[in-house]
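Written out below as structure tokens is the structure these notes cover.
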Amino acid sequence: MAVPLVIAQISDLHIKPPGELAYRKINTALALTRLIANLKTLTPRPAVVVATGDLVDSASEAAYAHLDRLLAPLDLPLAAIPGNHDDRDRVRRLFRGQRYAQRSGAVNQHLALDALDLFLLDSSVPGQPYGHLDGTTLLWLDASLAACADRPALVFLHHPPFVTGITHMDRQNLRNAHDLAAVVAGRPRVRLVAAGHVHRAVATVFAGVAATICPAPNHAVDLDLLDAHAPAFRAEPPAFHLHVWFAGDGFGQLVTHQLPIGRFGRPRPFFDAQGRPL
Ligand SMILES: [Fe+2]
């Protein structure tokens with residue numbers, strides 16, 4: 001069987017300076033360490049790990065230095081984009097080995113894997129919680145997608161370009177989602193729009209394209225669909241996404257798996273050596 005191409009997506013790490021807890025309760029450093037331990041056990045190994053923003057909780061040098069140390073054990077290629085909690089220039093400096101599409105401003109990136117294009121878009125707006133894609137980013141994405149018609153492409157950004165039903169998060173999603181829709185709609189090579197920001201697993205269709213939100217390795221945003229209480233988080237099972245692409249006719253097949261973070265023992269067979277159910 002052909003080995004599929006695997007892309008791990010992690011999101012909303014919210015790393016604090018050493019010794020500090022997020023919201024005085026969540027040890028986000030420990031959560032990232034556990035996530036990295038899980039990433040290192042994956043087979044096949046991911047071709048790349050994409051971190052979709054909110055890498056730190058508040059964008060201090062101390063927080064980014066802590067993030068850098070926590071990421072050291074990760075023995076996989078990593079590409080990161082900023083979220084609303086990040087400072088795009090500090091992200092650019094921390095991952096300075098990356099080939100960014102522009103020298104300044106939005107931290108956009110194109111990763112050309114074997115048979116797959118990844119476009120990482122910087123939707124952060126300095127000083128604001130909501131997202132926006134600037135004109136340079138949209139023009140670059142449009143030209144990049146137009147440059148080729150037959151390679152499947154995945155688009156990553158921090159802010160979801162759709163609502164989730166959680167009002168306080170929807171107020172700070174991608175404000176110009178219609179501009180992104182205009183670029184990806186009618187381009188069949190775009191197979192997925194993958195976001196973060198909401199700390200929950202979500203799946204929908206955006207501009208005719210499958211779209212997901214990656215859960216977080218730490219706290220979840222509470223699923224309050226009635227806007228019944230003040231914005232709140234909850235200690236739900238931490239998780240991340242694996243986007244798995246199988247070569248095939250047309251654009252092949254992309255599936256997204258959600259993996260819980262933790263230790264769950266070794267795989268145990270369903271059947272004995274004679275094929276009888278155990
Ligand atoms: Fe965010």
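This chain uses plain numbering: 1 for the first residue, then up along the sequence. Remember, it's 1-based here, ligands and their atoms both numbered in the order they're listed.
For His199 and His14, the distance between ring centers is under 6.0 angstrom.
At a threshold of 2.8 Å, the Fe ion (ligand 1) has a backbone or side-chain N, O or S atom of Asp54 nearer than that distance. Under 2.8 Å from the Fe ion (ligand 1) lies an N/O/S atom of His197, whether from backbone or side chain. Residue His85 does not count as close to the Fe ion (ligand 1), with no N, O or S atom under 2.8 Å. For the Fe ion (ligand 1), the N/O/S atoms of Asn84 include one lying under 2.8 Å.
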Show the numbers, then the answer: is there a side-chain contact (heavy atoms from CB on, under 4.5 Å) between Leu157 and Phe119? CA-CA 9 Å; Leu157 75 171; Phe119 294 100; over 6 Å; no
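Relative ring orientation between His159 and His197 is described as tilted, the plane-to-plane angle lying within the 30° to 60° band. Ring planes of His219 and Phe233: perpendicular class, angle over 60° (limits at 30 and 60°).
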